[in-house]
Asks: 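The structure is given below, and queries will be raised subsequently.
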Amino acid sequence: MRLVMKDSFVAMGVAILLFFIVIATFATVLAPYGPYEVMMTEAGRLDRLARPSFEHPLGTTAYGNDVLSQFIHGSRVALIVGLVAAVAVGFVSTVFGVVAGYFGGLVDDVLMRITDVALSIPTLPFAIVAVSLLGPSVQNIILVISILFWRNGARIIRSAVLTERERIYVKWARAAGASHFHVILHHILPNIVRVIFLWITMSVAFAILAEASLSFLGLGDPTVISWGQMLNTAFSSGSLRTAWWWVVPPCIALTLLVSSLYLIGRGFEEQTNPRLRRY
Amino acid sequence: MDKTPPSPTVIEARDLKTHFQARSSLIGALAGRQPRAIRALDGVDLAIRRNEIYGLVGESGSGKSTLGMSLVRMYEPTGGEVHYNGENITHVHGKALKDYRRAAQIIFQDPYSSLNPRLTIGQIIEEPLKIHRIGDAAERQRRVEKALELVRIPAEENLHRYPSDLSGGQRQRVAIARALVLEPQFIVADEPVSMLDVSIQASVLEILDDLSRDLGLAVLYISHDIATVGYICSHVAVMYLGQIVEEGTAEDILTAPQHPYTQRLMAAIPSIVPDENRERVELKGDVPSPLDIPPGCRFSSRCPYATELCTTVEPQLVPTAEAHRVRCHLYDAEAVATHPSLEPPTSQAA
């Protein structure tokens with residue numbers, strides 16, 4: 001933890017991530033209104049597209065919902081979908097990539113042909129069919145995203161393992177009597193962790209965007225609001241270019257969340273790779 | 001200096017063969033052609049005793065590394081036998097193999113990639129102990145420090161440093177310490193100094209020399225540089241295309257090489273005598289491919305003394321003096337008697 005604090009980039013990344021985690025955890029307390037609560041003007045009309053004011057710090061949407069409240073509640077879906085899907089993707093990719101790359105030969109052939117088949121699945125059509133068959137819910141979206149994105153990661157991680165496998169210290173460890181498990185745990189994984197971390201960080205962005213795309217197509221979980229859905233309602237209501245208070249917050253939040261993970265990944269790499277350490 | 005009686009043999013290879021399967025082409029496979037064997041190691045006999053550093057010299061591709069790797073069972077030999085302390089370990093597996101791995105260690109050529117950059121020196125040397133589940137943390141720490149002491153690296157200040165903080169010579173010494181920490185009886189040193197600066201080669205060689213004597217190790221020292229072999233080895237074997245062509249004490253090989261190939265290797269060493277007029281000898285052509293070994297003597301395609309006999313009949317390793325064996329028809333009394341065209345070359349002293 002001391003090391004984390006010394007690196008200002010990591011500290012920033014951790015701070016941003018913690019900020020969103022706090023918001024998501026206490027969403028019900030922090031949000032002034034319900035995400036779909038309809039705002040009325042004093043004249044009794046729908047309070048549409050109101051500019052930011054004291055009552056509505058981030059204004060209202062075209063349907064009279066409070067943007068701040070939607071934004072706060074939306075962080076939950078982003079974190080859950082983004083993080084859970086990314087971790088699942090990272091795990092499956094790592095297992096496939098490491099096993100295929102390390103053992104090579106027939107194992108590699110079989111696993112990579114499975115990956116080839118998975119790679120040939122068209123992303124969005126598959127997601128649409130799968131989500132509509134399984135039913136639109138956050139869990140199903142996470143499942144579909146995991147099924148769709150492990151394949152590229154498996155390839156990337158496999159290629160990293162292929163170079164690590166040829167290192168002389170791997171050869172040495174085998175000659176010294178180390179088991180495959182020992183070699184993978186002590187020599188392969190520590191040296192490819194940066195690749196895995198980078199892939200997980202990228203998967204977070206993919207997952208959040210995929211969730212937004214599915215929401216846009218009406219396949220998002222209708223019971224919860226997400227940042228992707230906010231953007232898509234803004235788009236479909238035609239106010240993407242006028243109601244900046246509606247569009248900017250989710251965009252900035254998505255960018256910050258993804259970059260915070262990137263910063264953490266980068267700092268992690270710097271701390272664990274002695275060649276990059278700064279004194 | 002002479003040790004009598006001779007110390008016991010630690011590792012012995014008998015007619016050792018390691019062939020690799022060349023990848024067959026698609027068309028070849030469809031035509032049902034057998035993939036061709038690469039005969040990297042083709043019938044090697046060798047024995048290394050305690051306290052002995054055995055030098056192995058040869059060009060790239062002569063099979064010297066394959067021999068080293070086969071002896072520590074990184075490769076499983078396809079023929080012949082390897083005996084360790086009299087026990088046949090040619091095809092052992094599982095626990096027996098792991099036990100053997102504890103007793104036989106290897107040091108690689110490149111000290112820059114043989115150490116995991118993410119581990120500290122202490123962790124690197126401790127690793128073999130962990131692999132073999134030896135001792136508790138304190139005991140392992142003690143052994144690590146002892147191993148570092150043997151290679152003359154101060155433990156105190158280096159235990160927590162990373163390989164990137166060390167020089168090439170220090171790294172190679174760490175690699176040696178890592179091999180020593182398991183207290184092996186046999187070490188293969190595969191060109192341990194060829195990537196180091198000339199100025200520090202001697203100090204690393206000196207450490208190897210002291211260790212083999214102090215710890216009673218049997219060392220196979222592989223090198224392509226016949227000059228460094230003389231410093232530390234008591235016996236030397238010269239390899240060509242997967243076979244030993246000449247074998248004897250270091251002194252005999254270096255001062256009176258008999259096989260035409262060894263003579264050429266020796267002639268290639270630069271001389272420090274300024275006005276010495278030496279005949280310039282060059283080897284024509286390259287080493288033939290181990291995929292396509294010529295009939296008869298393997299060296300015949302490049303040998304200046306080659307006769308018809310050499311291209312048809314394969315010579316055997318024959319003793320020419322005590323502890324000196326040569327694989328050449330020129331020194332085979334029988335062959336010389338029946339083929340008067342064979343003219344023994346004069347030995348060239350280096």
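Computed from heavy atoms alone, side chains included, the values below leave out hydrogens, waters and symmetry copies. Naming: A, B, ... by sequence-line order, numbering from 1 per chain. From a predicted model like this one, the values you see are computed outputs, not experimental measurements.
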Asks: Which atom names give the shortest non-hydrogen contact between A:Ala175 and B:Met74, and what distance separates them?
Replies: CB-SD, 3.2 Å
Asks: Taking everything shown except A:Phe20 itself, do over 12 heavy atoms lie less than 6.0 Å from its CZ?
Replies: yes
Asks: Which answer fits A:His182, side chain, backbone, both or neither, if we ask what part of it has an atom under 4.5 Å from a heavy atom of chain B?
Replies: side chain
Asks: Does B:Glu156, at its CD atom, have more than 12 non-hydrogen atoms belonging to other residues, nucleotides or ligands within less than 6.0 Å?
Replies: no
Asks: How far does OH of A:Tyr169 sit from CG of B:Leu115, to the nearest 0.5 angstrom?
Replies: 9.5 Å
Asks: Under 4.5 Å, heavy atom to heavy atom, which residues of residues 120-133 of chain B contact chain A?
Replies: B:Glu127, B:Pro128, B:Ile131, B:His132
Asks: Looking at B:Lys146, I'd like to know if its NZ atom is crowded, meaning that more than 12 non-hydrogen atoms belonging to other residues, nucleotides or ligands lie closer than 6.0 Å.
Replies: no
Asks: Can you tell me if CZ on A:Phe19 sees more than 12 non-hydrogen neighbours from other groups inside 6.0 Å?
Replies: no
Asks: If I take atom NE2 from residue A:His186 and atom CZ from residue B:Arg118, how far apart are they, to the nearest 0.5 angstrom?
Replies: 14.0 Å
Asks: Do other residues, nucleotides or ligands put more than 12 heavy atoms under 6.0 Å from the CZ atom of A:Phe26?
Replies: no
Asks: Nearest 0.5 angstrom please: A:Ile188 CD1 to B:Asn116 CG, how far?
Replies: 9.5 Å
Asks: Taking 4.5 Å as the heavy-atom cut-off, does anything in residues 105-114 of chain B contact chain A, and if so which residues?
Replies: B:Gln105, B:Ile106, B:Phe108, B:Asp110, B:Ser113, B:Ser114
